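Below: one structure, written as structure tokens.
Note that the structure is predicted; figures quoted are calculated from it, not measured.
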Amino acid sequence: MKYETLKKMMFKFSPETAHTLAEKALRLAVKTPFVSDMLVEKFCLIDTKLSQNLFGKTYLNPVGIGGGFDKNATMIEPLSAFGFGFLEYGTFTPKPQSGNKKPRLFRLASERSLQNAMGFNNQGSDKVKKRASRLYPFSLPLWANVGKNKTTPNENALDDYRTLITKFDDVCDVFVINISSPNTPNLRDLQEEKFVREMFCELAKVATKPLFLKIAPDMSAAQAVMLCTAAVESGAKGVICNNTSVDYTLSPNAKDFGGISGELITSKSRTLFNELSAELFGRCVLVSCGGVKDAEEAYLRIRMGANLVELFTGFVYEGPSVVRKINEGILELLVRDGFSSISEAVGALRK
């Protein structure tokens with residue numbers, strides 16, 4: 001069945017129901033050897049030109065799945081069959097939480113975008129740790145995206161992050177520190193220099209895995225540079241630019257709550273990433289996300305300075321073949337520009 005046909009069927013359900021159905025189908029598929037092997041053959045592409053070594057781990061290609069798609073680490077094995085170079089699970093919190101009131105996930109279908117107000121709904125660190133422990137170390141690098149509980153006041157937020165870093169240090173390859181979701185009250189207030197410096201200094205004491213900061217797109221370039229510089233100077237090894245946007249002027253169809261992802265934020269995300277990379281390229285690993293859905297956009301972010309890119313909404317709208325298509329396209333673009341490997345293309349616009 002073609003993905004466009006399947007998508008029409010899935011889009012008859014509410015977005016959250018469709019995601020749950022997809023999760024169940026993927027988990028069932030991976031338990032069937034014939035189906036799993038078929039998916040790997042169809043969607044996975046191995047070419048050494050796309051490979052990078054980062055923090056002692058091999059990234060077979062630069063395309064990963066962004067945080068929020070697999071909140072509870074239930075889809076690690078099936079997602080690996082779709083050709084990703086790395087996988088991010090979470091955001092999860094120390095204690096389970098139900099998230100915000102439904103409906104809380106909306107399609108902006110004509111604009112190939114989503115809007116979510118999920119609120120870090122997850123089953124809690126105990127269950128997530130149990131699942132991750134069964135699989136780690138995994139065939140692909142695994143990133144753990146961590147957040148604070150809604151009931152934890154901001155003055156105690158560091159305790160939640162420290163708890164998670166300590167607990168998950170042996171079941172991931174990178175930590176993503178999420179203080180940029182718009183769906184937990186006052187969480188974005190933590191995006192200030194003093195707290196970021198204190199947090200990364202403290203977390204670096206307990207983490208043996210690299211720490212990354214994920215920022216919001218709704219700040220000035222100067223603010224983003226200041227915040228990310230503070231993180232890097234305090235122990236962060238990477239930055240992810242960016243989370244969802246609360247700029248509701250982007251669409252007349254937008255709700256007045258939650259965060260927007262997908263094509264609507266492509267320009268905003270690209271612009272902020274370019275400004276951030278101009279200051280931080282070469283000082284840390286940079287990851288770009290937000291409206292990435294094809295090889296041209298992914299390759300542009302790479303030449304701007306991104307070692308890696310992440311998909312979320314693009315995976316929903318373009319389907320499982322999008323990862324292979326992006327990687328095939330990047331290979332063609334590398335040849336066009338005379339690069340022998342992706343490492344040569346990373347930051348080409350900065351050099």
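In this structure, Phe168 and Val146 have side chains that are not in contact, with every pair of non-hydrogen atoms separated by 4.5 Å or more. Side-chain contact between Arg188 and Val246: present, with at least one pair of heavy atoms (C-beta onward) separated by less than 4.5 Å. Side-chain contact check for Arg283 versus Thr229: some heavy-atom pair is nearer than 4.5 Å. Side-chain contact between Val287 and Val309 is absent, with no heavy-atom pair separated by less than 4.5 Å. Looking only at side-chain heavy atoms (C-beta outward), Glu88 and Ile240 come within less than 4.5 Å of each other. Considering only heavy atoms from C-beta on, Val225 stays 4.5 Å or farther from Leu280 through its side chain.
When each of Thr244, Asn116, Asn243, Leu108 is tested with Ser261 by the rule side-chain contact (heavy atoms from CB on, under 4.5 Å), just one qualifies, namely Thr244. Checking Phe86, Phe175, Trp143 one by one against Phe212, the ring-ring contact (aromatic ring centres under 6.0 Å, His included) holds for a single residue, Trp143.
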Using residues 332-340 as the side-chain source, report each donor-acceptor pair under 3.5 Å to any protein atom, sequence neighbours left out, with the distance given to one decimal.
{"from": "Asp337", "atom 1": "OD2", "to": "Tyr299", "atom 2": "OH", "distance (Å)": "2.6"}
{"from": "Ser340", "atom 1": "OG", "to": "Glu344", "atom 2": "OE1", "distance (Å)": "3.4"}
{"from": "Ser340", "atom 1": "OG", "to": "Glu344", "atom 2": "OE2", "distance (Å)": "2.5"}

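Under 4.0 Å is where a charged nitrogen must lie from a carboxylate oxygen, and between Glu202 and Lys205 at least one such pair does. Using a cutoff of 4.0 Å between basic side-chain nitrogens and carboxylate oxygens, Arg197 and Glu193 are scored as salt-bridged.
Asp173 and Tyr136 share a donor-acceptor pair across their side chains, judged by distance under 3.5 Å alone. With no hydrogens or angles considered, a side-chain donor-acceptor pair links Thr249 and Asp247 at under 3.5 Å. Residues Asp160 and Thr93 bring no donor and acceptor atom of their side chains to less than 3.5 Å of each other. Checked by atom type, the side-chain pair Ser113/Glu263 shows no donor-acceptor distance below 3.5 Å. Between the side chains of Asn145 and Thr91, at least one donor N or O lies within less than 3.5 Å of an accepting N or O. For the residue pair Gln115/Arg104, the side-chain donor-acceptor check at 3.5 Å is not satisfied.
Taking the six-membered ring where the residue is Trp, Phe82 and Phe315 present perpendicular rings, their angle passing 60° and hence far from 30°.
Taken from CD1 in Ile76 to CG in Leu26, the straight-line distance is 13.0 Å, to the nearest 0.5 Å. Once rounded to the nearest 0.5 Å, the distance linking CG of Leu45 with NZ of Lys325 reads 13.5 Å. Summarising the geometry, atom CD belonging to Glu296 is positioned 9.5 Å from atom CD1 belonging to Ile326; distances are rounded to the nearest 0.5 Å. Atoms CZ and CD, from Arg350 and Glu279 in turn, are 9.0 Å apart once rounded to the nearest 0.5 Å.
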Candidate pair Asp126 and Lys95, rule salt bridge (charged side-chain N to carboxylate O under 4.0 Å, His left out), full reasoning: CA-CA 8 Å; Asp126 286 345; Lys95 300 175 183 177; over 6 Å; no
Walk me through it: do Arg270 and Glu297 pass the test salt bridge (charged side-chain N to carboxylate O under 4.0 Å, His left out)? CA-CA 9 Å; Arg270 183 197 305 130; Glu297 188 65 34; 2.9 Å; yes
Side chain to side chain contact (heavy atoms under 4.5 Å, CB included) evaluation trace for Ser80 with Leu87: CA-CA 8 Å; Ser80 69; Leu87 302 172; 4.2 Å; yes
One pair to check against side-chain hydrogen bond (donor to acceptor under 3.5 Å, both in side chains): Asn72 and Tyr89. What are the steps and the verdict? CA-CA 7 Å; Asn72 295 303; Tyr89 63 90; over 6 Å; no
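A distance-only check finds no donor-acceptor pair linking the side chain of Asn149 to the backbone of Thr151 [under 3.5 Å].
Checked against a 6.0 Å centroid threshold, the rings of Phe11 and Tyr317 count as neighbours.
Because its NZ or CZ atom is not both nearer than 6.0 Å to the ring centre of Phe273 and within 45° of the ring axis, Arg301 does not count as a cation-pi partner of that residue.
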